[in-house]
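Side chains are part of it too, since the values below use all heavy atoms of this structure and drop only hydrogens, waters and symmetry mates. Here is the naming used below: chain letters follow the sequence lines, and residue numbers restart at 1 for every chain.
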Amino acid sequence: MKVLLSKIAVLGLGGLPILVLAWILIDISYSGLSEISWSFLTEVPTNAGRSGGISSVIVSTLWVVSIATMISTFIGLATAIILSELSAKWEKFCLIVRWSLDILAGVPSIVFGLFGNAFFSQVCGFGFSILSGALTLTVMMLPFFIRVAEEGLRQVPNVYRKTGYALGMRPLSVTFKIVVPQASKAIVIGLVLSLARAMSETAALLFTSGYVERWPESVFDSGRVLSIHIYDLAMNVPGGIERANASALVLIGLLIAINLIIYSIADFWQRKRVV
Amino acid sequence: MNIEEENIAIHLKDVGIRYGTTVALEHVNLQIRKGRITAFVGPSGSGKTSLLKSLNRLSDLEKDCVVEGEVIVEGFGDLNAEKIDLVSLRRSVGMIFQKPNPFPISIRKNFFLPLRERGIKDKKESDRRMEKALKRVGLWDEVHDRLNERADRLSGGQQQRLCIARALVLEPDILLFDEPCSALDPMATEVVEGLISELRGELTVIIVTHNLAQAKRIADEVAVFWCAGSCKNIVEFGCVSQVFDAPQSDFASQYLSGQRG
Ligand SMILES: Nc1ncnc2c1ncn2[C@@H]1O[C@H](COP(=O)(O)OP(=O)(O)O)[C@@H](O)[C@H]1O
Ligand SMILES: [Mg+2]
């Protein structure tokens, strides 16, 4: 009886995410799958997205997300390292930084959108552009990524740091050759999860990267990302729901592909650094 | 005890160590002879590890740890007074910990990382030095065909020998062992003990041990630590036979005969 109950608990709780994902996939595939074709992937949208494809939208999405991911990886990792490795020396400062990050993580994304519009679009003069959107996303992704990475770095047992120092290694080498590699799993998970959030973000991008559906010529061009395209088709375009679902399928497909790529790179690197 | 200047590897003058306001050791005066094996014995919490860590400034990593007095290490001067290059100090004064602590990476890389820091960037040269060090600790035959496997998958005794080899590969002058056998089985203990004995004459060795028989077997000199009330000090220091057979202080005689501690 006990065994049965625990089995039910395991399958029920563990299976929940699978069920939710399956439901969503079935739901959007039901009306969206038939819309997906080669031309849907390669043509630019016409007639507000009712016809044509989503190629420019995919390109804008990749631009925004890859710029945001790259910047937040560097800044985020550096900040996480400072928070975990220097917190003994800079105790108070780190406490305040951490506290600010935890608050920022809970700020609604529309607020980031308004901030990005005011700061990146107007103060910095980037206007409605892929760059403004990417930077806004970066600011939004960072708190979560930093805290996850920091927690991963903290989990690395202190004895390895001491061992490194006892072997005459310099502080930076101890951090980058010993501590960071050992925290790589947490760092990668933090990256994948914040990237997923960036891919699906709508509100923060509405007022920053904008909704122009043209093919972007440069990062200073406005560009419509997938999530905004989906939102627009579903909310503002009568008869757009099938194409919204099709775009959502593409979004999920992209997400799966990117995750697979990141995990396999991380796996390869993990194996290489051990030997 | 008076030793000629050139035979002293470490000279402690009125050294005190505290953590914040908690005093771990006070008024320690000690001269460690070059090329000899000195054992630190004494009950837990008597400050043996603390003193060891002050010798290569690993004490810097402990929160609120303050070392006072003069800690004079040959080639570096007073560690408390001068601006010390910690990186070269720690290469020169190596340390083996109680629990074997190989990095969770391959055996080969455990050597390559510290060697590369020391300027040996060539993998072949690194491998050559690794082989020499592993042969020295008698581990080569056991691991030569699995150098790319993770070092932390070896047995405890093998891991500890690897750590000794990894310290030796940096060619230190002084090697500190903090209870190196306390996590090992009797067979592995015997092997490691033999290894340490073989370092006599070549390196200056300090070994913390709870095993008095072990101290008797391998050490030339013994320092007995004691911590009771206001006494937080080394209560007895001298060559093994003298300290064990005719201890001067009451604390030491009681501790060494197993009545206290
Ligand atoms: N990192 C630390 N922070 C605070 N107190 C410490 C620390 N390390 C050791 N101590 C204290 O210093 C004293 C000596 O400890 P230690 O040097 O580890 O002794 P031993 O190695 O002889 O067992 C003990 O009272 C211990 O509680
Ligand atoms: Mg100790």
**Prompt:** Top residue by heavy-atom pair count (under 4.5 Å) with chain A, among Val87(B), Leu113(B), Asn101(B), Asp60(B)?
**Reply:** Asn101(B)
First locate atom [atom1] of [X], then atom [atom2] of [Y], and finally report the distance between them rounded to the nearest 0.5 Å.
| X | Y | atom1 | atom2 | result |
| --- | --- | --- | --- | --- |
| Thr163(A) | Phe103(B) | OG1 | CZ | 5.5 Å |
| Arg91(B) | Met169(A) | CZ | CE | 9.5 Å |
| Leu58(B) | Lys162(A) | CG | NZ | 8.0 Å |
| Glu117(B) | Lys177(A) | CD | NZ | 5.0 Å |

**Prompt:** Any side-chain heavy atom of Ile105(B) sitting closer than 4.5 Å to one from Arg273(A)?
**Reply:** yes
**Message:** Counting only non-hydrogen atoms closer than 4.5 Å, does Ala88(A) touch chain B with its backbone (N, CA, C, O), its side chain (CB onward), both, or neither?
**Reply:** neither
**Request:** Could you tell me which portion of Ile178(A) (side chain, backbone, both or neither) has an atom closer than 4.5 angstrom to a non-hydrogen atom of chain B?
**Result:** side chain
Answer yes or no: are there more than 12 heavy-atom neighbours, outside [X] itself, under 6.0 Å from its atom [atom1]?
| X | atom1 | answer |
| --- | --- | --- |
| Phe74(A) | CZ | no |
| Trp90(A) | CH2 | no |
| Tyr263(A) | OH | yes |
| Leu172(A) | CG | no |

What part of [X] is in contact with chain A, defined as an atom under 4.5 angstrom from a non-hydrogen atom: side chain, backbone, both or neither?
| X | value |
| --- | --- |
| Lys99(B) | neither |
| Arg166(B) | both |
| Pro172(B) | neither |

**Minimum-distance pair of heavy atoms, taken over all atoms of Pro104(B) and Val274(A)** = O-CG2, 4.5 Å
